[in-house]
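Presented below is the structure to which this report refers.
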Amino acid sequence: MPSLALAALRSAGRHRKPAACRQLHAHLLKTGVLSRSPFPSALLGSYANSGLLFDAHHLFDEFPYRDAVLYSSYLSALSHSDRPSQVLCHFRRMVSVDAVPPDGFIFATLVKTCSRLGSLRLGKQVHAQFLLSSFHEDDVVKSSLVDMYSKCGAVDDARKVFETIPVKNHVCWTAMLSGYASNGRRAEALELFSQMPQRDLIAWTALLSGFLQSGDSFSAVRLFVEMRRGEVEIDDAFVLSTVVGASSDLAALQLGRQLHGLVLTLGYESSMILGNALVDMYAKCSDINSARAVFEGLALRDVISWTTMVVGEAQHGRAEDAFNLYDQMVRAGVKPNEVTFTGLIYACSHAGLVQKGRYMFDSMEQEHGISPTLQHYTCLLDLLSRSGHLAEAENVIDSMPYVPDEATWGALLSACKKHGDTLMSIRVADKLLGLTPKDPSTYILLSNTYAAAGKWDCVSRVRRLMVDMEIKKQPGYSWIDLGKESRLFIAGEVPHSMRQEIIRLLNELTIEMKKRGYVPDTTSVMHNLEEDEKEQQLFLHSERLAVAFGLLKSVPGKTIRVVKNLRVCVDCHNVLKLISGITAREIVVRDANRFHHFEGGKCSCGDFW
DNA sequence: TTAGGGTTAG
C-alpha cells in the first residue's frame with residue numbers, strides 16, 4: 001500500500017494536481033506513514049511542483065527532524081521558485097542550526113540557485129567548496145556547474161568543467177551546447193553539436209534557442225528547417241515556441257503563418273505557451289488583428305497572454321484597446337506584473353495620455369504592490385517629456401531611486417529636441433556624453449543636438465569619440481516580405497534591376513504629394529549638406545524604396561508591410577501618410593520603436609512617436 | 001531528494 005501512495009504522490013506532483021497532493025497528505029497522516037522515508041521529501045516535492053509552495057513551507061517547518069534528504073527537496077523547491085535567493089538563507093540554517101553537511105544533491109541545488117540568480121561570484125564560491133568536499137567527483141554537480149557557468153556567460157569555465165566529466169550524458173552535452181549558442185559562440189556550438197553522440201529534441205531546441213538568445217534568429221530558423229528534414233520527432237511544444245519567437249524577431253509574417261499551420265497540424269493548439277508565442281508573433285509581424293484572433297481563441301490565459309496582447313495593442317497605437325484588455329484582465333482575476341505596467345505606461349506615452357499614465361504609474365505600487373523599476377521611471381519620463389512636460393520629466397530623474405542610464409537620458413534628450421528646448425538639451429547631452437554611451441543612435445542624437453545649437457567643438461568631440469570607440473552609424477534598412485518574394489533595401493541604394501521603375505514611381509508620387517502641400521522636412525538629415533542634397537538623401541530612405549517596391553510588386557489592394565531597423569524619420573512619416581492616401585493602400589511599418597499603420601493619409605500613431 | 005530545451009518589456 002505505501003508504494004501505491006508513493007506512486008500516487010509522484011503522479012500528483014508531475015501532473016500538478018494540488019488537490020490530490022492535499023488528499024494524499026491527509027491519507028499519509030491517517031495511516032501513520034508520513035514520517036517514514038521517502039514520504040516527507042516526496043510530499044514536499046509534489047506540493048512544490050503543484051504550485052503549493054506555502055504548503056511545502058509549512059510541511060518543512062513543522063517537521064520534527066530535518067535531514068539532508070528533506071533539505072534537498074526543500075532547497076530544490078525554493079531554487080525553482082520565483083525567489084531562489086531563499087535557498088541561501090535555508091542553506092545557512094541547514095549547516096548552522098541543524099548541523100547537516102551538504103551532500104551531492106545539495107551542491108547541485110546550490111549551483112542551480114547561483115545559475116538562477118545569475119551570480120557568477122557565488123557560483124565560483126560554491127564550486128570551490130564542492131572541490132574541497134568528498135563529493136568532488138559527482139557528475140550531476142559537474143553538469144550543473146557547466147550549466148551555471150554557461151548561463152553566467154563564463155563559457156570557457158563551463159568547458160573546463162565539461163572536460164572533467166568522464167562519461168558525458170545528454171544533460172551535460174546540452175548544457176555546454178546551450179552555453180556556446182546563447183553566448184554567440186556559433187562555430188563552437190555547431191562543432192559541439194556535430195560531435196554529440198545523439199542529438200535529441202532537447203539538444204536541437206537548446207541550439208535553436210541559443211541562437212535566438214544571442215540575436216541570430218536567421219540561424220535559428222535555418223536550423224529548424226534542417227531539423228524538419230531529419231528524423232527528429234516533435235513531441236513537445238518547446239521547439240515550436242522557440243522558432244515562433246524567431247519569426248517574431250524577424251517580423252517574418254509568412255514564416256509565422258506557416259508555423260501556425262504546423263502547430264495546428266501537430267496538434268499543439270491547446271498549448272498556452274505556444275499560443276502566447278503566436279499572439280506575440282502576429283503582433284510583432286504587424287498583423288495585430290490576427291494576434292487578437294489567436295488571443296481570443298486561447299482556452300487558458302495567464303498573465304503573459306494578457307500582457308503580450310496589451311503590449312501588442314500599445315505598440316500598434318491602440319491605447320484604448322490596451323486599457324480595455326487590462327480591465328478585462330483584472331476582472332478575470334489575473335494579477336498584472338511589472339511587464340504589464342511597462343506596456344500600459346508605454347500605451348499612454350504613445351497616445352499622449354499624460355494623466356492616465358501618471359495614474360497607472362502610481363497605481364502600480366499603491367494598488368498592486370509592484371515597485372517601479374528604472375524602466376518604469378524611464379517610461380514615465382518618456383510620457384511626460386514627449387508631451388512637453390520637460391521640467392516635470394527632469395524632476396523624475398532627480399527624485400527616482402535609481403541612477404539614470406543611457407535610455408533615460410536619451411528619452412529626455414529626444415523630447416528636448418522635439419520641443420526645441422536648446423538650453424535643456426545641451427545640459428542633458430552633457431550628462432549623456434559623460435556616460436560614454438554604447439548605442440550608435442545616441443551619438444547621432446548627441447551630434448545633432450550640438451549641431452543644432454551651433455556647438456561645433458562638441459560636435460567634433462562626439463565624432464572623435466565615435467572614431468575612437470569604433471562606433472559606426474548603423475545604415476538604415478527596410479525589409480519587405482511579399483510571400484513569394486522578399487527584399488532588403490538599404491538607404492541610398494536602389495537595386496539596379498528595378499532602378500528605373502522605383503525612381504519613376506517615387507517621382508510621380510512626389511509630384512502628387514507636392515500638389516497636396518508636401519514640403520520636405522530635412523531636419524533629420526545630419527550632414528552639413530546643401531538643401532537639395534538633403535532632399536535627395538530623404539528621397540532614397542530605405543522605407544520609401546521598400547514601399548515603392550511593394551506598390552509595384554504586390555497584389556493590388558493588399559496591405560504593404562515593411563520592417564525598418566531604425567526609427568522612421570519625420571519626413572518619411574509625412575511621405576508615407578500621403579502615399580497611403582494617394583494610392584488608397586494600407587501601409588504598415590514596424591520601426592525600431594513601434595508600429596505605424598498608414599491609411600487614408602493618416603497614421604495610427606497620431607504623429608506621436 | 002540533484003543537472004539540459006519554451007511564452008510578455010528593454
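Below, read A as the first sequence line, B as the second, and so on, with proteins coming before strands; counting in each chain starts at 1.
- Among the protein residues, A:Glu406 comes within range of no part of the nucleic acid, since none of its heavy atoms lies under 4.0 Å from any strand.
- The nearest whole Å value for the distance from the CG atom in A:Asp249 to the C1' atom in B:dG10 is 13 Å.
- A:Val161 pairs with exactly one of A:Val146, A:Val141, A:Asp147 by the side-chain contact (heavy atoms from CB on, under 4.5 Å) rule, that one being A:Val146.
- The aromatic ring centres of A:Phe193 and A:Trp173 sit 6.0 Å or more apart.
- Heavy atoms of A:Ala42 sit under 4.0 angstrom from primed sugar atoms or phosphate atoms, though from no base atom.
- Residues from residues 339-349 of chain A with heavy atoms under 4.0 angstrom of DNA chain B, sorted by number: A:Val339, A:Tyr346.
- When the salt bridge (Lys or Arg N to Asp or Glu O under 4.0 Å) test is applied to A:Asp236, no partner is found at least two apart in sequence or on another chain.
- In this structure, CG of A:Leu110 is placed 13 Å from C1' of B:dT1, rounded to the nearest angstrom.
- In this structure, the side chain of A:Lys142 engages the main chain of A:Thr164 through a donor-acceptor pair within 3.5 Å.
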Inset, instruction - Would you mind building the protein contact string for nucleotides 2-7 of chain B? One character per nucleotide, 5' to 3', B for base within reach (heavy atoms under 4.0 Å), S for sugar-phosphate only, - for untouched. - result: BBBBBB
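- A:Phe130 and A:His127 have tilted rings, their planes meeting at an angle from 30° to 60° on a 0 to 90° scale.
- Using cut-offs of 30° and 60° for the angle between ring planes, the A:His368 and A:Phe341 rings count as tilted.
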Inset, instruction - Before giving the answer on salt bridge (Lys or Arg N to Asp or Glu O under 4.0 Å), spell out for A:Asp216 and A:Arg222 the whole-Å C-alpha distance, their side-chain angles and the decisive distance to 0.1 Å. - result: CA-CA 10 Å; A:Asp216 189 358; A:Arg222 266 204 302 266; 5.4 Å; no
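- The residue A:Arg301 sits apart from the nucleic acid: no heavy atom pair falls under 4.0 Å.
- Atoms CG (A:Leu300) and P (B:dT8) sit 18 Å apart, rounded to a whole Å.
- Remark: side-chain polar atoms of A:Arg116 are not paired, donor with acceptor, to backbone N or O of A:Ser85 under 3.5 angstrom.
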